[in-house]
Visitor: 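Sharing a structure here in structure tokens format.
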Number of protein chains: 2
Amino acid sequence: MANATLKKIAQVLDISVSTVSRALKNHPDISASTKQKVMELAETLEYEPNAVAVNLRSKNTKVFGVMIPSITNNFYDSFVNAVEEEVKKAGYSLMILQSGDDPAIEIENLKIYRQNRVSGVFVCLSKETTNIDAFHKMKEANIPLVFFDKVPDNDAYDRVCLADKEAAEMAAEALLQKKKKNILAVFGNTQLSITKRRLDAFKKIMQQNTSVDVAYEFAGKSEEAESIAQRYFQLKKMPDAVFCMSDEILVGVMKCIQRLHINVPAQTGIIALSDGYFPGIYYPEITYVETSGYRLGKLACERMMECLKGKEETTELFVSSRFAEGGSL
Amino acid sequence: MANATLKKIAQVLDISVSTVSRALKNHPDISASTKQKVMELAETLEYEPNAVAVNLRSKNTKVFGVMIPSITNNFYDSFVNAVEEEVKKAGYSLMILQSGDDPAIEIENLKIYRQNRVSGVFVCLSKETTNIDAFHKMKEANIPLVFFDKVPDNDAYDRVCLADKEAAEMAAEALLQKKKKNILAVFGNTQLSITKRRLDAFKKIMQQNTSVDVAYEFAGKSEEAESIAQRYFQLKKMPDAVFCMSDEILVGVMKCIQRLHINVPAQTGIIALSDGYFPGIYYPEITYVETSGYRLGKLACERMMECLKGKEETTELFVSSRFAEGGSL
DNA sequence: ATGAAAGCGCTAACAG
DNA sequence: CTGTTAGCGCTTTCAT
């Protein structure tokens with residue numbers, strides 16, 4: 001007998017709906033005998049509370065939105081994985097919407113979140129987003145927002161980010177320590193704040209050391225990274241190390257390395273910023289500085305929970321980096 | 001003025017709630033002038049219907065559940081990606097829950113789906129699931145179920161699957177055509193129905209050709225595949241081709257190939273069953289038979305939509321395979 | 001063309 | 001200890 005309701009139980013037992021409601025919640029007011037009768041009947045009727053009704057009443061859906069450019073991406077995956085794991089403990093579920101890096105869809109999605117009265121939204125901005133007015137509406141609707149990874153340049157919002165600066169610095173220092181002199185550094189889309197932060201930090205370290213040659217290149221996709229690498233490794237003076245800002249770039253560079261049968265680390269060293277999966281699929285494994293989507297997810301959850309508790313001040317939080325020795329440098 | 005309601009609009013305009021409701025829906029009964037007034041006010045008040053209330057009333061949440069072992073998996077990703085893309089067109093959203101390959105969590109998750117009165121659930125069984133009684137309850141609750149990939153062995157359910165048989169056959173035939181004589185065939189967890197189907201089909205083709213030597217091995221994870229490959233490639237008589245049942249296995253095998261500096265395809269050929277991303281990251285690119293999570297997602301959606309329209313008979317549907325030449329065979 | 005009323009399933013203030 | 005009542009926001013007969 002599926003889809004039993006409080007009303008049905010009340011009718012069978014000839015008591016009031018509110019008594020049933022309270023009994024099921026183990027309310028102290030209700031007598032033990034009534035409680036038992038109710039509980040038993042609920043059991044046999046396989047009663048399950050209607051979350052939709054509860055939501056309407058309580059004005060709390062216990063659902064978080066997660067908006068990402070695309071779910072087909074290792075980094076966002078592990079973020080989502082962490083968030084799902086974490087919020088489930090508090091009885092929340094996730095409503096995941098992809099923006100496809102399209103600001104118009106992004107706005108659409110926010111509307112869906114509003115209409116569904118989600119308890120909060122985790123958002124990673126699309127590459128194309130420049131105007132964040134649409135996000136103000138969420139504030140007005142009292143829906144807390146926690147931005148992650150691609151975050152707006154605006155102190156009015158809560159943001160959790162990778163420690164891009166720190167990570168890029170660690171990688172740069174590792175390169176210097178290994179006495180690399182002729183480095184190819186491949187970064188991603190220059191539009192992105194994460195690219196800028198990583199680039200600035202990397203450059204800063206490198207500039208302290210004038211004896212090192214660094215070529216800076218930018219690739220939006222794996223294929224571009226591959227052809228950039230191809231170009232550099234065909235020079236008479238091959239790079240003695242490559243820095244890859246992301247997994248996507250690493251994958252492109254490594255394809256070139258395989259194509260040209262370049263020996264790592266003998267002929268050239270490789271270091272990447274990565275979440276950790278891709279560095280492990282190559283031999284030798286790639287040395288990387290961890291930028292963990294998983295830990296970012298956990299941090300974002302912490303922050304979200306604080307928002308729910310009514311924290312007012314917005315902050316920008318960072319996930320620290322970790323150096324992981326592979327064997328490629 | 002966020003969170004306007006029909007009631008609020010009605011009060012301001014001094015008309016009834018039902019009129020407002022109708023006006024907003026462009027109901028023919030309502031006069032043009034009233035409609036206009038209502039629409040305008042709704043606009044300025046930034047009225048947005050409360051989906052929760054609508055759901056309660058209509059008993060239709062317009063949310064689908066998606067239950068997968070883990071979201072951190074390329075194949076499920078592309079499945080989810082396709083589903084999200086597709087159902088959005090019909091105004092549905094997704095509630096994704098991970099089972100972590102734990103049957104107990106699976107049951108928990110079903111409960112969450114029931115309580116939230118989702119319109120249907122897409123489910124990929126966990127590796128460990130043997131008893132599917134818990135899924136019967138969903139039927140009783142009138143929540144349609146569409147199983148995908150790891151499906152129960154039970155005709156009472158709707159299932160959409162990869163054409164495992166066909167795909168394995170295509171790969172086997174490609175190996176024969178290339179005159180490979182000493183093949184290492186690595187499959188996944190023997191418990192899984194998908195492993196069985198692929199293995200059976202592959203074996204059947206191979207057995208028709210007695211002059212070919214095939215070693216069958218099984219690996220639960222990438223690392224195991226790697227060490228299996230390692231073992232075989234250290235034999236005096238190296239395999240002249242490797243068949244990889246999945247991306248996970250391919251990744252493991254390729255790591256070994258890199259470690260031992262084996263030349264592909266000169267020294268050994270590689271062929272895989274894959275969704276297409278991983279084969280493309282190696283050089284030469286890996287020849288594979290496509291088993292697309294994306295297309296599976298689309299198919300699953302079609303089936304779900306039919307269920308919603310009240311189709312009674314359950315079916316098992318297959319996504320056809322496609323041969324993709326890489327250069328590794 | 002519009003309104004009143006009932007109800008989706010649940011909770012909680014108030015009353016007894 | 002239990003019941004009555006009201007209401008969350010919306011849709012939909014049924015009247016008028």
Side-chain angles (χ1 to χ4, degrees), chain A residues 1-39 41-42 45-63 91 114-119 141-143, chain B residues 1-39 41-42 45-63 91 114-119 141-143:
Chain A
M1 181 59 63
N3 281 340
T5 64
L6 293 187
K7 195 174 172 186
K8 197 175 280 174
I9 296 180
Q11 282 166 349
V12 174
L13 258 31
D14 198 32
I15 56 180
S16 81
V17 178
S18 44
T19 302
V20 177
S21 173
R22 291 187 191 107
L24 253 15
K25 299 198 128 44
N26 215 347
H27 189 109
D29 274 3
I30 306 298
S31 75
S33 72
T34 306
K35 272 182 194 169
Q36 201 188 348
K37 274 190 297 185
V38 172
M39 302 259 200
L41 186 58
L45 255 36
E46 296 190 322
Y47 169 78
E48 291 192 328
N50 183 327
V52 180
V54 175
N55 291 344
L56 178 59
R57 190 60 245 252
S58 66
K59 289 169 169 259
N60 179 3
T61 53
K62 290 237 161 199
V63 171
R114 260 181 274 123
Q115 299 192 351
N116 281 280
R117 305 297 195 263
V118 296
S119 305
N142 254 310
I143 298 179
Chain B
M1 180 57 65
N3 280 339
T5 64
L6 294 188
K7 196 176 173 183
K8 197 174 281 175
I9 296 181
Q11 282 166 350
V12 174
L13 260 30
D14 199 31
I15 56 179
S16 80
V17 178
S18 40
T19 302
V20 177
S21 173
R22 290 188 190 105
L24 253 16
K25 297 200 130 43
N26 214 347
H27 190 108
D29 275 3
I30 305 298
S31 74
S33 72
T34 306
K35 271 183 196 168
Q36 203 191 343
K37 275 189 298 185
V38 172
M39 303 259 201
L41 185 59
L45 255 36
E46 298 191 320
Y47 169 78
E48 291 192 328
N50 182 328
V52 180
V54 175
N55 291 343
L56 179 58
R57 190 57 244 250
S58 66
K59 289 170 170 256
N60 180 3
T61 53
K62 290 241 165 194
V63 171
R114 259 181 274 123
Q115 299 192 350
N116 281 281
R117 303 300 194 263
V118 296
S119 305
N142 255 310
I143 298 179

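Just so you know, these numbers come straight off a predicted model, no measurement behind them. Lettering follows sequence order; numbering is per chain, from 1.
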Visitor: Tell me, which of residues 21-34 of chain A have any heavy atom that sits under 4.0 Å from an atom in DNA chain C?
Guide: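 Heavy-atom cutoff 4.0 Å gives S21(A), R22(A), K25(A).
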Visitor: Atom pairs, N/O to N/O, protein against nucleotides 5-8 of chain C, distance under 3.5 Å?
Guide:
from   : atom 1 : to     : atom 2 : distance (Å)
dG7(C) : N2     : R57(B) : NE     : 3.4
dG7(C) : N2     : R57(B) : NH1    : 3.2

Visitor: Can you check the N116(B) CG to dG9(C) P distance for me, whole Å?
Guide: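 Roughly 15 Å, once rounded to whole Å.
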Visitor: Distance from Y47(B) atom OH to T5(B) atom OG1, nearest 0.5 Å?
Guide: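 The OH atom of Y47(B) sits 7.5 Å away from the OG1 atom of T5(B).
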Visitor: Output the rounded distance in Å from CG (N60(B)) to C1' (dG9(C)).
Guide: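 That distance rounds to 16 Å.
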Visitor: Quick one: K37(B) NZ to dT2(C) C1', roughly how many Å, whole number?
Guide: 11 Å
Visitor: Rounded at 0.5 Å granularity, tell me how far NZ in K59(A) sits from CG in N3(B).
Guide: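 CG of N3(B) is found 6.5 Å from NZ of K59(A).
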Visitor: Starting at CG of N55(B) and ending at C1' of dC8(D), how long is that distance when rounded to a whole Å?
Guide: 14 Å
Visitor: What pairs with Q115(A) under side chain to side chain contact (heavy atoms under 4.5 Å, CB included), at least two apart in sequence or on another chain?
Guide: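 With neighbours one apart ignored, the set is K111(A), E48(B), P49(B), A51(B).
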Visitor: Taking atom C1' of dG9(C) as reference, at what distance in whole Å does atom CD of Q115(B) sit?
Guide: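 For the pair Q115(B) CD and dG9(C) C1', the rounded distance is 13 Å.
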Visitor: Rounded to whole Å, please give me the gap between CD in E48(A) and P in dC10(C).
Guide: 11 Å
Visitor: Name all residues meeting the side chain to side chain contact (heavy atoms under 4.5 Å, CB included) criterion together with T34(A); count only those two or more places apart in sequence or in a different chain, and write none if there are none.
Guide: I15(A), T19(A), I30(A), S31(A), V38(A)
Visitor: Tell me the closest heavy-atom pair linking N60(A) and K62(A), and the distance in Å.
Guide: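 Shortest heavy-atom separation between N60(A) and K62(A) comes out as OD1-N, 3.1 Å.
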Visitor: Can you see if the side chain of S16(A) gets near the phosphate of dT4(D) - specifically, an N or O under 4.0 Å from OP1 or OP2?
Guide: no
Visitor: Starting from the 5' end of DNA chain C, give me the residue, D14(B) or L6(A), whose nearest nucleotide shows up first.
Guide: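 Final value for this comparison: D14(B).
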Visitor: Tell me, please, which residues at least two apart from V17(B) pass side chain to side chain contact (heavy atoms under 4.5 Å, CB included).
Guide: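 Applying side chain to side chain contact (heavy atoms under 4.5 Å, CB included) to V17(B) gives L6(B), A10(B).
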Visitor: Taking side chain to side chain contact (heavy atoms under 4.5 Å, CB included) as the definition, give me every residue that meets it alongside T61(A), ordered by chain and number, with sequence neighbours left out.
Guide: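 For T61(A), the residues satisfying side chain to side chain contact (heavy atoms under 4.5 Å, CB included) (neighbours in sequence not counted) are N55(A), V63(A), R117(A), S119(A), V52(B).
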Visitor: Expressed in angstrom and rounded to an integer, what is the separation of I15(A) atom CD1 from dT4(D) atom P?
Guide: 12 Å
Visitor: Rounded to whole angstroms, how far apart are CD on Q11(A) and P on dC10(C)?
Guide: 12 Å
Visitor: To the nearest 0.5 angstrom, please state how far the CG atom of D14(A) sits from the CD1 atom of I9(A).
Guide: 14.0 Å
Visitor: Starting at CG of L24(B), measure out to NZ of K35(B) and round the result to the nearest 0.5 Å.
Guide: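 Result: 11.0 Å between the selected atoms.
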